[in-house]
Structures are given as C-alpha cells and as structure tokens.
Enquirer: 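Have a look at this one.
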Amino acid sequence: MRLTISHTTRYHYEEPVHYALQQLRLTPKSRAGQKIVAWDIDIDGGTKQLEYDDQHNNHVSLIGFDD
C-alpha cells in the first residue's frame, strides 16, 4: 500500500510577529513494514535554520521567521 500525506499549518495573529522559531517534528521514520519513499517540508515566509535528531530519535527541523 502506498500513502500520500499532505499537512498544512497556518498561524494568524492580531499583531505582526517580527521574530519566531518553530520546531517541526513532522518527518516519519522508516522501519519494519514502513519505508519512506519521498519526504519534503516546504516553508513559506521562513527558513530552515538547522535539523537534528532529538533524544527520542525524532527528526527535528528548526524554522526561523524574521521580517
């Protein structure tokens, strides 16, 4: 079975946000019975600052937003 997953997160604030950092834990893991064929994270309005694996072996993308 092949699955396609799409996820969108949007934030709206009453006042402009001049700076923000967001940790994303959206990347799935390949394991027995599951193989990740392709995976992308597209970011509008921000930039990927760095990526790392946390203490639970989850892949984390740190995204920065700055005007």
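Please read all numbers here as calculations on a predicted model, not as lab measurements.
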Enquirer: Under 3.5 Å, is there a donor-acceptor pair between the side chain of D54 and the main chain of N58?
Expert: yes

Enquirer: Distance check, rounded to the nearest 0.5 Å: T47 atom OG1 versus D66 atom CG?
Expert: 8.0 Å

Enquirer: Minimum heavy-atom separation for S61 to E51, with atom names?
Expert: OG-OE2, 3.4 Å

Enquirer: Let me confirm one number: the CE-CD distance from M1 to Q34, rounded to the nearest 0.5 Å.
Expert: 10.5 Å

Enquirer: For residues P28 and I36, report the shortest heavy-atom separation together with the two atoms involved.
Expert: CG-CD1, 3.6 Å

Enquirer: If you round to the nearest 0.5 Å, how far is CG of L50 from NZ of K48?
Expert: 10.5 Å

Enquirer: Could you check if a side-chain atom of Q22 sits within less than 4.5 angstrom of a side-chain atom of Y11, using non-hydrogen atoms only?
Expert: yes

Enquirer: Looking at K29, I'd like to know if its NZ atom is crowded, meaning that more than 12 non-hydrogen atoms belonging to other residues, nucleotides or ligands lie closer than 6.0 Å.
Expert: yes

Enquirer: Do the side chains of L26 and H59 get nearer than 4.5 Å, heavy atoms only?
Expert: no

Enquirer: State yes or no: do I63 and W39 share one hydrophobic cluster built from I, L, V, M, F, W and Y residues joined by side-chain heavy-atom distances below 4.5 Å, directly or via other members?
Expert: yes

Enquirer: Are L21 and F65 close enough, and set up right, to give a side-chain contact (heavy atoms from CB on, under 4.5 Å), and what steps lead you there?
Expert: CA-CA 6 Å; L21 285 175; F65 300 89; over 6 Å; no

Enquirer: Using a 4.5 Å cut-off on heavy atoms from C-beta on, say whether the side chain of I41 contacts that of T27.
Expert: yes

